[in-house]
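Just follow the structure's listing: the first ligand is 1, and inside any ligand the first atom is 1. Residue numbers run from 1 in the order of the sequence given.
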Amino acid sequence: MAGPSSTQDQNPPPTTAQPSRLVVLVVVVVVGLIGLVLASDLPGPIRQVTSGAGLVAGGVALAGACRGRYVRSSGRQRPAWLLFGCAALAAAAGNLAVTVGYLADWTELRAVGRLLLIGGLALAAFGLMSHPAAWRRSTDLVRVLLDGVILAGSVLLVLSLTIAPQFADKPVVTGLALLAPPILDILLITFAWLLFLRSTPRDRSALALATVAFTLFAVSDLTAAVRRSFGTFAYGSIGDLGWISGFAVLTLAVMSSRADPGAVEQSPRNSPVAGTLLMFAIVMLAGALTLNAVARATVSLTVVLLLGLVLVAIIARQVLLLIDNDRLREGLEARVIQRTAELADATQRIGLLINSVEDGVYGVDGQGRLSFLNPAGARLLGVQPDTLLDRPAHQAFHSHPLSDCYLRTIVATGLAITSVEDSYRTADGRLVWVEVTASPMVEGTGVRGVVVVFRDVTRRREVDRMKTEFVSLVSHELKTPLTAIRGSLGLLAGGALGELAAPATRMVEIALESSERLTRLINEILDMERIESGALPMEIAVHDAGDLLRAAHDQVQVLAGEAEVQVRLIPVPGKVLVDADRVVQTLINLVGNAIKFSPPGSTVTLEVVSTSGDDDELLFRVIDGGRGIPAGRLEAIFERFEQVDSSDARQKGGTGLGLAICRSIVERLDGRIWAENNDPGPGATFSFTLPAVMPSQSQGELVDNDSAEISAPTSPTTPAG
Ligand code: ADP
């Protein structure tokens, strides 16, 4: 279990400073105590001082919390926090002025205090408006402002026409001065609520708290406005608790808000339909009450002004909506037209691409039904492109059994196949050889179908077959006369027909050497052809790896002696499941090369290593101290007729086929072969792996050829020399 420190290490530094439970508890207790004092029968001035102290402290605490956020936030956030902070300070100053005004019975100071409070509310409204996460477009902001005006005007209309008709009878300026705080409160509630709806879940708790705080302000301001209109307002009563707790909740909201709130959610789920319906319900109520008042001819100027304000706001809102919708629709239409054109263009380009390729291309759905076939594919199959659509591709032109069908496998596994040879049936019943690459069409997590690219390789196969036949024929035709030539030259060189003159002896030796090289080349070509065509059967049995090494070692002794190179054997115990003759042939080839390319006096090492961690195979290595191989040719030398240097053939008597034969043999025996330069040099190491046999395996189930003598390969690739 991770300790507290490790948890801290793993988490990114928090962007919120959530108020601790203790802070919340202290705030609740203090507010509760203030409430008790305000509800008590204590003398008025004490209650007023308590109320004033609570309000001023609330404002200062809020300003402090805003300062904390201001310091921690970045660029675009800062103005909002600055405005909130100033609003809180204005409120604190206003409340101080109001309290002192009451205590000293100083009306002007109270008026200044109220003006400061109204200013504070206005600043807070600007703060919410400038919140960067709040409004995506400027029209959003105007609409929310209008919503706030409509809502606030309607609520005040309802109030003035129901519970406080006196309030509606006040002079306009007095009436508006009384109305300003609740109007601003309702505006703030609207802003905070809309922000809540649009914000990410992480920012919501803070915005919900802010909405609650502004609602508390609104209730207190409305109550105060109504009571002032009745002339029953008394500062220092329990009604002040709404403001005090409003400050407390707002401070907690600021403390729990993130320094950098997330982006506004784009989801239409958050469209405030319910809020709009509620707003219009209040408007309807206000309208009905106004009609009632008109009928009874009790409409005051304030009511008329309020109604006018609400109506103008509603009309402006609707016009704004119309313009906005129109603009949105136009933008949307333009985008649809643009995207449709792009799509058509892309489709055309893809179509052109697929129709232009010379390879056949077809696609099938998850059930294997043909969904498209390009013209080249249709030509190859001898059909019209559209005639096969929707038919199962397998039935239409595959010639292999359904159980082997790669389309099914690819849909099931999602794995592609590359360069696989197959034969397709054409419309006239012919079979054409094709090379197929088939890939799954993946959508999300599922395979939707398969796309297959195929090309006609009938000609290539035919040419390959003819080439193989030709090589084999020519090689056999060459081999017979060559044997006779070699035999005759051997007799001549051996003096069977009498002593030859010195120049003639030299000529005969050159002829004999050349005929031997030719024989080797023909043998290697034949070997190559037989191994690759599979005509050379492999006699697989269990053999001791050391015996194989020794057999190869024995056969290169003469060559090593001539080259003055020492061959060292390092076998380890181990058995392999192989064709012994072919492995010895491979070893002779590699050791032959190693001797050829090593300087006199050097050592070639022939070893078997058991690869650590892998019991399934044994590693054979031939290490020389010769010239090494250029890094870029390490793989190429395993190709047919590839030599590092073109002079190798002349000087070293090579054909460039030896390593290609080695690779064919090793791969047919399920092994791998590679070359690398010794590091540190000089020289190169040729390594190959062969399947190893576990001791338990070799006892029963497999033929153990351990005791059998290993002879030279039946068709030996004698080391060059
Ligand atoms: P070759 O009959 O020419 O030896 P191989 O296929 O056996 O044909 O080898 C191909 C080429 O790889 C050689 O011609 C030589 O250039 C290079 N090569 C093979 N073995 C070695 C080695 N041990 N050291 C350096 N070069 C080598």
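Looking at G626, G658, G656, G625 and measuring to atom 1 (P) of ligand 1, the nearest heavy atom belongs to G656. In the candidate list E642, R663, R627, Q643, E642 is nearest to atom 10 (C) of ligand 1, counting heavy atoms.
Ring geometry for F454 versus F397: interplanar angle under 30°, hence parallel rather than tilted (30 to 60°).
Nearest heavy atom pair, residue V567 against residue H553, reads O-NE2, 3.2 Å.
Every residue two or more places apart in sequence or in another chain was checked for a side chain to side chain donor-acceptor pair (under 3.5 Å) with Q348, and none qualifies. Every residue two or more places apart in sequence or in another chain was checked for a salt bridge (Lys or Arg N to Asp or Glu O under 4.0 Å) with E564, and none qualifies.
Every atom of ligand 1 is numbered from 1 in the order shown, and the set under 4.0 Å from a heavy atom of I637 is 12 (O).
Ligand 1 lies less than 4.0 angstrom from a heavy atom belonging to F686. Residue A594 places a heavy atom less than 4.0 Å from ligand 1. Contact annotation: G628 has at least one heavy atom less than 4.0 Å from an atom of ligand 1.
Checked against a 3.5 angstrom limit, the closest N/O atoms of V644 and ligand 1 fall inside it. For ligand 1, none of its N or O atoms has an N or O atom of A660 under 3.5 Å away.
Between the side chain of N678 and the backbone N or O of D624, at least one donor-acceptor pair lies under 3.5 Å. Counting only distance, with no hydrogens or angles, the side chain of S602 and the backbone of S598 share no donor-acceptor pair below 3.5 Å. A side-chain donor-acceptor contact under 3.5 Å links T519 to the backbone of S515.
Contacts of D624 with ligand 1, taken as heavy-atom pairs under 4.0 Å, involve the side chain alone. For I629, every heavy-atom contact with ligand 1 shorter than 4.0 Å involves the side chain, none the backbone. Contacts with ligand 1 closer than 4.0 Å are made by side-chain heavy atoms of K596 only, the backbone lying farther away.
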For this session: Test side-chain contact (heavy atoms from CB on, under 4.5 Å) on R369 and V364 and set out the steps.
Result: CA-CA 5 Å; R369 281 189 303 260; V364 295; 6.0 Å; no

